Amino acid sequence: MSKGLLLLVMLVGLAAVFPVSAQDAATCPGDLTAVIESLNADYETPEDALRALITAREALQAAELNCARAGVVLVEEEYAPAEGTFTLNYPNGWEVGIFSPSETGGVLFLGNTPRAQDYLQVEQPTPEEGAVALQVLIGTPTDRQDVGGLQSVVADFELLLRGLYPDSSTTEFFTLDGREAARMSYRGTAFDGFLVALTMDNGRFVAIRGVTSTGNLDALQAIAQAVAVSTR
């Protein structure tokens, strides 16, 4: 593969993670000079070129997380199920996984990895470095006598998550996008987890549970909240 073609392929991906302002330049996306120089080299074999692409892909994934930590998250791709029950936006270049519909919404898996669903269906996932996986749940709260509204949604998740992961934060109720919201974080043996729930129209809610490799909680939180806000 010629160096020109290889560089063009990667620059298309770089466009989505370049900083949007000088204020974010220090951390978003970080210094990618070495990656660009590597891709601009001459390669003797296709295998050498492929190795360079894989290395660059890992660097770009790390740059995406750097941007998320700085509060720069691009959620420009849209998903809408055939049932027409909701729409949401998700990060550029991510993969959409399995969707299970319901009368008021459904459950959708998303991630920057094809293994998003796998990571979210085991008790102790081991995401590869930089992997981010989300499970988006949209519906109506469970009927409870003790609490109502968003608190009933969060209570169901708290019961599950605190039982599985003793290393969990307290639940914070706050305002997000002018709506009632709640969030908490938790940690397993090899991953960081995050939950955010947000009220929607017609008494519905969106709850997003996400996991990532250890040390990337801030990025996971920013991405999950951006997707939650976009859900209508």
Side-chain angles (χ1 to χ4, degrees), residues 64-65 67-79 85-91 94 96-97 99 102 104-113 116-117 119-121 125 127 131-142 144 147-165 167-188 191-232:
E64 181 184 11
L65 294 181
C67 288
R69 293 187 190 98
V72 183
V73 182
L74 294 180
V75 285
E76 298 176 331
E77 298 196 36
E78 183 177 274
Y79 176 83
T85 49
F86 69 92
T87 63
L88 62 75
N89 293 88
Y90 60 92
W94 272 32
V96 176
F99 172 63
S102 70
T104 56
V107 180
L108 175 68
F109 291 92
L110 300 165
N112 63 358
T113 166
Q117 183 170 351
Y119 292 146
L120 286 157
Q121 291 187 323
V132 179
L134 302 181
Q135 181 186 34
V136 183
L137 303 95
I138 299 166
T140 54
T142 302
R144 296 175 62 107
V147 292
L150 190 67
Q151 285 185 315
S152 68
V153 175
V154 175
D156 289 338
F157 281 103
E158 284 182 318
L159 184 64
L160 171 66
L161 295 175
R162 296 193 194 287
L164 292 174
Y165 311 109
D167 189 0
S168 300
S169 72
T170 58
T171 300
E172 176 189 3
F173 288 88
F174 67 112
T175 300
L176 181 62
D177 189 41
R179 293 179 276 165
E180 184 183 0
R183 62 190 174 196
M184 64 174 289
S185 61
Y186 54 98
R187 179 171 297 169
F191 75 95
D192 288 339
F194 181 73
L195 170 73
V196 61
L198 184 64
T199 54
M200 295 176 60
D201 59 347
N202 299 324
R204 296 189 302 166
F205 71 89
V206 53
I208 298 181
R209 183 173 67 92
V211 297
T212 187
S213 49
T214 301
N216 293 317
L217 178 60
D218 289 347
L220 172 62
Q221 176 175 325
I223 294 169
Q225 292 186 174
V227 174
V229 167
S230 78
T231 306
R232 303 289 181 179

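None of these values were measured; they are calculated from a predicted model.
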Worksheet item: What heavy-atom pair brings Gln117 and Phe109 nearest, and what distance separates the two atoms?
Response: CA-CD2, 3.7 Å
Discussion item. Less than 6.0 angstrom separating the ring centers of Phe157 and Tyr186, yes or no?
Written reply: no
Worksheet item: Does Gln221 have any side chain to side chain donor-acceptor pair (under 3.5 Å) partners at least two apart in sequence or in another chain, and if so, which?
Response: none
Worksheet item: Atom CG in Leu150, atom CD in Glu180: separation rounded to 0.5 Å?
Response: 5.0 Å
Worksheet item: Is any side-chain heavy atom of Leu161 less than 4.5 Å from a side-chain heavy atom of Leu195?
Response: yes
Worksheet item: Given side chains that start at C-beta, do those of Trp94 and Val227 come closer than 4.5 Å, heavy atoms only?
Response: no
Worksheet, complete the sentence: Across all chains, not counting sequence neighbours, the ring-ring contact (aromatic ring centres under 6.0 Å, His included) partners of Phe194 are none
Worksheet item: Who pairs with Glu172 by salt bridge (Lys or Arg N to Asp or Glu O under 4.0 Å), at least two apart in sequence or on another chain?
Response: Arg183
Fill in: Arg179 side chain vs Leu198 backbone, donor-acceptor pair below 3.5 Å
no
Worksheet item: Can you name the salt bridge (Lys or Arg N to Asp or Glu O under 4.0 Å) partners of Asp192, sequence neighbours left out?
Response: Arg187
Fill in: Tyr119 vs Phe191 side-chain heavy atoms within contact, under 4.5 Å
no
Item to complete: Work out which heavy atom in Thr104 is nearest to a heavy atom in Gly139; give both atom names and the distance.
Response: OG1-CA, 3.3 Å
Discussion item. So, using side chain to side chain donor-acceptor pair (under 3.5 Å) as the criterion, who are the partners of Ser213 when residues are at least two apart?
Written reply: Asn216
Worksheet item: Can you tell me how far the OH atom of Tyr165 sits from the CE atom of Met184, to the nearest 0.5 Å?
Response: 10.5 Å
Fill in: Donor + acceptor pair across side chains of Thr171, Arg162 (<3.5 Å)
yes
Worksheet item: Under the criterion side chain to side chain contact (heavy atoms under 4.5 Å, CB included), which of Val75, Val132, Leu110 is the partner of Pro91?
Response: Val75
Item to complete: Compare every heavy atom of Ile208 with every heavy atom of Ala224, then report the nearest pair and how far apart it is.
Response: O-CD1, 3.5 Å
Fill in: Heavy-atom pair with the smallest gap, counting every atom of Arg204 and Thr140
CG-CG2, 4.1 Å
Discussion item. Under the side chain to side chain contact (heavy atoms under 4.5 Å, CB included) test against Ser230, which residue among Thr87, Val206, Asn89 passes?
Written reply: Asn89
Worksheet item: If you measure from CD on Gln151 to CD on Glu158, what distance do you get to the nearest 0.5 Å?
Response: 9.0 Å
Practice prompt. Report the distance from atom CG of Leu137 to atom CZ of Arg209, rounding to the nearest 0.5 Å.
Written response: 8.0 Å
Worksheet, complete the sentence: Rounded to the nearest 0.5 Å, the OG atom of Ser185 sits from the CG atom of Leu220 at a distance of 9.5 Å
Worksheet item: Can you tell me if Thr212 uses its side chain to pair, donor with acceptor, with the backbone of Ala131 under 3.5 Å?
Response: yes
Worksheet entry | Heavy-atom check, side chain of Phe205 versus side chain of Met200, under 4.5 Å | no
Worksheet item: What salt bridge (charged side-chain N to carboxylate O under 4.0 Å, His left out) pairs are there with at least one residue in residues 217-232, not counting sequence neighbours?
Response: Asp177-Arg232
Worksheet item: Can you check whether Gly105's main-chain N or O pairs, donor with acceptor, with Ser102's side chain at less than 3.5 Å?
Response: yes
